[in-house]
Every structure is written in C-alpha cells, then in structure tokens.
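Below, read A as the first sequence line, B as the second, and so on, with proteins coming before strands; counting in each chain starts at 1. Nothing here was measured: the structure is a model prediction, and the numbers come from that model.
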There are 2 protein chains.
Amino acid sequence: MAVTIKDVAKLANVAPSTVSRVIADSPRISEATKRKVNEAMGKLGYHPNLNARSLASQSTQTIGLVMPSSGDVVFQNPFFPTVLQGISEGAHEKKYALHMTTGKSEKETLEAVVEMVQGKRVDGMILLKSKVEDKIISYLLKRNFPFVLIGKPYKNVEEITHVDNDNFRAMQEATEHLIMQGHHQIAFIGGCLELVVTVERLLGYERALRNAGIELKNEYIIHEEFLREGGQEAVKELMSLENPPTALVVVDDFMALGVLNTLDELGISVPEDISIVSFNNVLLSEMVKPPLTSVDINIFDLGYQASKNLIQKIENSDEPIKRIIIPHKLIERSSCCHLKNK
Amino acid sequence: MAVTIKDVAKLANVAPSTVSRVIADSPRISEATKRKVNEAMGKLGYHPNLNARSLASQSTQTIGLVMPSSGDVVFQNPFFPTVLQGISEGAHEKKYALHMTTGKSEKETLEAVVEMVQGKRVDGMILLKSKVEDKIISYLLKRNFPFVLIGKPYKNVEEITHVDNDNFRAMQEATEHLIMQGHHQIAFIGGCLELVVTVERLLGYERALRNAGIELKNEYIIHEEFLREGGQEAVKELMSLENPPTALVVVDDFMALGVLNTLDELGISVPEDISIVSFNNVLLSEMVKPPLTSVDINIFDLGYQASKNLIQKIENSDEPIKRIIIPHKLIERSSCCHLKNK
DNA sequence: TTGAAAGCGCTAACAC
DNA sequence: GTGTTAGCGCTTTCAA
C-alpha cells in the first residue's frame with residue numbers, strides 16, 4: 001500500500017491530524033513541527049490520496065466538462081481545442097484539474113453530467129453550448145450546482161452565469177462592414193438553428209440589413225451543418241439565383257474555406273466577384289487564399305473566463321450571477337472589397 | 001447531505017452491503033431484493049459517491065491525460081482534438097472518464113502526472129508524445145503504473161505498450177512516391193528533432209533516397225517549429241539554393257499550408273514547379289488549393305487504440321506489452337506531379 | 001499548538 | 001443470499 005498520512009505522522013512523531021494541518025498550511029502550527037513533518041513527507045515520498053481528501057472535504061478541485069461527441073462537426077474545427085485550452089489555462093492557474101466525458105446522444109450526455117455531479121467527481125461544470133431546450137441546464141439549475149455556460153442561454157438568462165460574445169452586434173457589424181462597401185445583396189451562411197449563437201447572429205444580420213433599409217430575402221439565408229458536400233449544393237443554389245448575392249457572411253472560417261472552394265469551382269472569384277466575412281479568425285483564416293476578413297471572437301478567452309469565473313463561484317457560493325461579454329474584433333484581410341458599380 | 005447507500009438500505013430494509021451488491025450487479029442476490037433495492041434507489045434518487053467508491057475499491061474508472069500546454073504548436077492543428085476524440089471514444093465504450101491537466105514546463109507536467117498517479121485520481125495514463133529523454137516515462141515505468149504511449153518510445157521499446165504509425169515506412173513511401181515521379185531533389189520539412197516521430201520520419205526519408213541512390217544534402221533538411229513567420233524564411237532560403245528542390249515532404253498538413261503560401265509569394269506553383277507530399281490528411285488537406293497529397297495516419301485510431309489497450313492493461317495486470325501499429329495510407333491528390341524533363 | 005476520535009460513503013472479507 | 005464489520009486515507013470538530 002502507498003504511504004499514508006499515518007506513516008508520516010509516525011515518522012515525525014506527531015498525530016495524523018497534525019500532518020493534515022501541515023499539508024493545509026494551517027497558520028496555528030509551529031515552525032518546528034512544520035519542518036519536522038515536511039521532512040518526514042519528503043523522506044517517505046508522501047503524496048496525499050485525493051480521493052480520500054475529496055471524500056472527507058467534499059471538494060474535488062476539478063471542473064467537469066462534456067465533450068462534443070465524436071462525429072460532431074465541432075471537432076473538425078479549431079473552436080473546441082482553443083476553448084479547451086482557455087479553460088485549461090484558467091483551471092491550471094487555480095490548481096484545478098479537468099474531468100471530461102463524452103455523450104453520443106443528449107440522453108447519454110445528461111447521464112454523464114449526472115454521474116459527475118451526483119458522483120461528486122467535480123465541483124462545478126462548464127457547458128460548451130446551449131441548446132434551445134437544454135435539459136442539462138435545467139438539471140444543474142434545479143440542483144443549484146455551480147456551472148458556467150459558454151454561449152448565451154436560451155432562457156433563464158438572469159439566473160445563469162455565462163460568458164459569451166455579443167454575437168448580435170458582432171454579426172451586425174460584420175454585415176455593416178459589407179454594407180458600407182456598397183453591398184446590398186448579402187447572404188447569410190450559418191449553422192444549426194438550434195444553437196443560440198446561430199439565432200443571435202441571424203438577428204444581428206437582419207438588424208443590419210433593416211437599419212440600412214435593405215429588404216430581407218429568405219433565399220439568402222442558408223443553414224447547413226456542412227463541411228464538404230453538404231454546403232456545396234447550398235452555395236451553388238445560392239449563386240444561381242436570379243439575383244445572386246455580392247457578399248456573404250459565414251459563421252465560421254472553416255465553413256468559409258468550403259465556400260471559397262465551391263466558388264472557385266464555379267469560377268467566381270473572391271473578392272472581385274463576391275466578398276466574404278467570416279467568423280472566428282483562426283490561424284487558417286490568414287493562411288488561405290485570399291486571406292479572410294474574419295471576426296475574431298477570442299475563443300481562448302471565452303474558455304479562460306469560463307473556468308476563472310466558475311472557480312470563483314465554486315469557492316464563494318454567493319458570488320453573483322454574471323454575464324461576461326468577451327470583446328470581438330473585425331480583422332480585415334483580403335476577402336472583401338467595395339462593390340463596383342455596374 | 002446527499003442520499004447515501006445507508007438511506008437506500010434502510011428504505012429497502014436490507015443491509016448497506018446488499019445495496020452495494022445490487023449496484024455491482026452481484027450474481028448471488030435474489031431477484032426479489034434486487035427489485036426492492038432498485039425501487040428504493042429510484043425513489044430516493046440515489047447516486048453512488050464515486051470518491052467513496054474509488055477510495056474503497058482502489059479504482060477510479062478514469063484515464064489520465066496531460067494536455068499540451070497552451071502555446072504549444074500542437075494546439076493549432078487538428079491532431080490533438082482528433083486523437084482526443086479517439087481516446088474519448090475508446091474510454092467511453094468501457095465507461096471510463098478522462099482526467100486532464102496541463103503543464104507549462106516539463107517540470108510542471110511531471111508534477112501533474114505525479115499528482116494524478118499518487119493522488120490516485122486515475123487508473124492509467126495516456127501519453128501523447130515521447131520526448132527523447134522522457135522523465136514521465138521513467139517515472140511511470142519505475143512505479144509500474146499502467147500507461148500507453150502514443151508514438152514510439154525513444155528507449156525501453158520492449159517495456160512500453162505503445163500505439164504508433166510506422167513512421168519510418170510512411171515517410172519512406174511518401175518519399176518514394178516522389179522519386180517514382182522522377183524527383184531527385186527532394187527536401188524534408190519537419191518539426192522538432194526532440195520528438196521521436198521526427199527522427200523516425202527523417203530516417204525513412206533518408207532511406208528512400210539512399211535506396212534510390214540519391215545523394216543526401218544537408219541543406220535540404222529543415223526543422224522548424226513553424227507556423228507562420230518562422231518557416232517562411234526557411235522555405236525562402238531553401239528555394240534560393242543553387243539547386244532548389246523539385247519536391248518537398250512536409251510532416252504536417254498545416255505546415256504544408258504555410259509552405260504553400262510562401263511558395264505562392266515566391267511565384268512558384270504547385271505542382272507544376274514543385275511537388276508536395278504532406279502528412280495527417282486532415283480535412284484541411286482536401287480543402288486547400290491545390291488539394292494536398294497527404295499520408296493519412298489515422299489519428300483517431302491512434303487515440304482509440306490507446307485507450308482501448310490501456311483499459312485492457314488496467315483491468316488485467318498481466319496483459320502483455322504490446323506494440324500497436326496503426327496503418328497509414330498515401331492519399332493522392334493534386335499537389336504532386338511527374339517531374340518534366342528539362 | 002497539538003492529539004484523539006468521529007466521520008465522509010463506499011467495498012469486501014467474513015460470518016451466518 | 002444477506003448481514004456485520006472493518007477499513008480505504010483523509011479532514012475536522014472537540015478537548016487538552
């Protein structure tokens with residue numbers, strides 16, 4: 001068996017509780033015994049058993065996370081690793097670890113969460129996306145379990161600490177950027193409408209058009225899970241409309257790359273024939289041709305603030321509900337240009 | 001306080017141990033009490049405390065993982081998420097969870113591992129890369145703690161279960177592919193030489209050239225951590241040699257994209273002026289222009305097999321040491337062509 | 001400032 | 001088949 005607190009206590013000639021106090025760096029312990037105990041720990045190569053500690057102290061110093069299931073589109077693009085990196089960084093700073101599981105279905109995912117929460121494996125949870133009707137959120141809310149959502153909750157906004165971009169404004173600005181370049185025929189290429197982020201951005205797009213007195217056209221709005229094949233068709237259809245768009249807003253750089261390829265096949269050049277603004281500003285966006293004008297939403301920070309704030313909440317149970325808005329920024333590159341008058 | 005096994009026992013009029021047996025689905029328990037207990041669990045909304053279980057049973061059903069630290073290049077490309085996805089999938093199938101931490105330095109990383117291992121937070125570990133001198137490996141080996149390495153160990157190959165590609169052959173074949181297309185001046189663009197994978201591939205490259213009776217040139221071999229700026233210079237230098245290469249092998253698609261851009265700037269076209277074979281075959285490789293001929297190394301499977309085999313090892317302590325080679329495959333696209341005779 | 005002792009919630013060996 | 005009981009290794013009152 002491994003070396004325990006008792007072994008250390010024996011060697012240092014103190015009680016186990018004293019050792020425990022030394023570990024916790026309790027103030028009311030003499031320097032002398034502190035040294036004595038530390039020495040014994042060193043000599044024995046002692047390391048606390050964290051399960052025992054968690055059991056006794058009802059805290060785990062770990063944050064729970066549910067990964068998007070394999071096969072989820074999310075995985076093919078850098079959002080997930082980057083946000084994870086941010087989460088991990090924030091956790092690491094406060095000496096928290098991460099505990100993750102996957103769920104293939106919504107049911108499995110919920111089960112995974114229940115297991116973590118009721119199984120006392122984690123002190124808090126970070127949720128990576130908010131569905132329109134989210135059982136996980138209801139569950140956590142009901143149990144009053146600390147969690148932070150990355151993204152905007154569909155409901156109960158006032159009760160949920162969340163970190164998000166101002167996706168409405170971000171998309172509005174992206175659209176306005178195109179409008180200011182003279183574009184009136186601007187199409188929206190977005191993802192799954194069940195995701196709140198898509199809804200928000202769509203609204204921002206619509207607002208920008210409306211503000212500019214531009215008529216909304218249903219056929220200019222596309223929702224595709226796509227990477228590869230899926231979207232190709234949609235883009236082709238879009239471009240063969242009677243009045244094809246002269247500009248596109250695309251909700252993700254990776255999608256934009258797919259769009260770029262389809263346009264290339266169609267012999268349409270960017271930005272000469274059509275302008276594009278996309279989102280996320282991942283490394284990719286500056287490496288493709290043409291480099292993409294893209295809205296940087298600070299993915300890393302989204303994750304970093306999520307774990308940072310979750311930990312605050314864990315450690316101080318009457319921390320107020322917060323809404324943290326991570327700033328975005330339009331990074332101009334070469335995929336947009338002024339609409340030439342015809 | 002949460003509902004415990006005792007509450008269930010009381011309600012079902014049985015002993016706590018009986019409840020425990022029902023949970024473990026012990027064979028020697030009557031259907032009647034099984035039902036009775038299950039009913040009580042349902043009624044109370046019981047969920048086992050996993051810390052208590054781990055403490056008592058000395059097992060956690062979780063796998064440890066150390067993430068590449070933020071800032072690590074690894075994060076900017078899809079290798080990490082994909083391998084994580086594979087690991088997660090394999091773990092999920094056997095109802096294992098993942099526990100992860102980050103380390104910024106080698107020292108921190110080792111500490112993180114020690115904490116997981118001695119802290120009894122995990123039953124086994126997956127290592128994502130093998131350094132030439134790897135303290136983590138020595139540590140785990142010394143403690144005889146179950147672990148699986150993704151990649152090839154630098155030493156102690158016979159004692160370490162690892163899952164890897166045959167990187168030597170993969171690179172040899174990639175190089176031969178170019179040689180068969182008439183190329184003799186083939187440069188190698190690789191990553192950090194401290195990583196065993198780089199060494200292996202370099203050897204495969206050299207073997208292919210040697211087999212074909214082609215002289216090795218030092219100036220044809222580049223090692224760059226690069227993405228962006230770093231590599232640009234290197235590629236420019238390479239192309240301004242007296243005898244610039246007519247083909248490149250690049251160890252990563254993402255790097256290849258960087259190379260592609262630099263070449264474009266130099267007015268060199270692919271594949272007309274220079275051919276490229278890269279590695280990993282991530283989605284990106286078919287989306288860039290020109291689509292990259294790339295060696296698919298089955299990243300997902302690397303992760304999947306790693307957790308699969310780690311779990312076997314955890315559950316059966318005299319499982320033999322294994323070496324699992326994941327097949328690779330050259331996917332031909334448009335970044336290579338026959339060398340025109342001059 | 002330190003020690004003794006009672007749990008945290010579970011499993012498992014042993015008894016019946 | 002089921003109950004009793006002794007831990008797993010730690011934290012945390014309560015006393016001294």
When you measure from the side chain of [X], which nucleotide among [options] comes out closest?
X       : options               : answer
B:Ser57 : D:dT12, C:dG9, C:dT11 : C:dT11
A:Ser20 : C:dC10, D:dC8, D:dT11 : D:dT11
B:Arg53 : D:dG9, C:dT11, C:dG9  : C:dT11

Check: Should B:Leu98 and B:Ile126 be marked as a side-chain contact (heavy atoms from CB on, under 4.5 Å) after you check the CA-CA gap, both sets of side-chain angles, and the distance that decides it?
Finding: CA-CA 10 Å; B:Leu98 259 37; B:Ile126 291 179; over 6 Å; no

Quick one: list whatever passes salt bridge (charged side-chain N to carboxylate O under 4.0 Å, His left out) with [X], sequence neighbours left out.
X        : result
B:Lys94  : none
B:Glu315 : none
A:Asp25  : A:Lys34

Whole-Å distance, A:Gln118 CD to C:dC10 P, equals 12 Å

When rounded to whole Å, the CD1 to P distance for the pair B:Ile5 and C:dG9 reads 11 Å

B/S/- along nucleotides 2-7 of chain D (protein heavy atoms under 4.0 Å) is BBB--B

Per-helix bend value, the helix from C:dT1-D:dA16 to C:dC16-D:dG1, C1' rotation axes over five pairs per end, 10° rounding, shows 30°

Neighbour count above 12 (heavy atom, 6.0 Å) for A:Lys6 NZ:
no

inquiry  = Check this for me: A:Lys10, atom NZ, are more than 12 non-hydrogen atoms of other residues, nucleotides or ligands nearer than 6.0 Å?
reply    = no

Hits for side-chain hydrogen bond (donor to acceptor under 3.5 Å, both in side chains) against A:Lys135, two or more places apart or cross-chain, chain-then-number order -> none

_With a 4.0 Å cut-off on N to O distance, would you call A:Arg323 and A:Glu158 a salt bridge?_
no

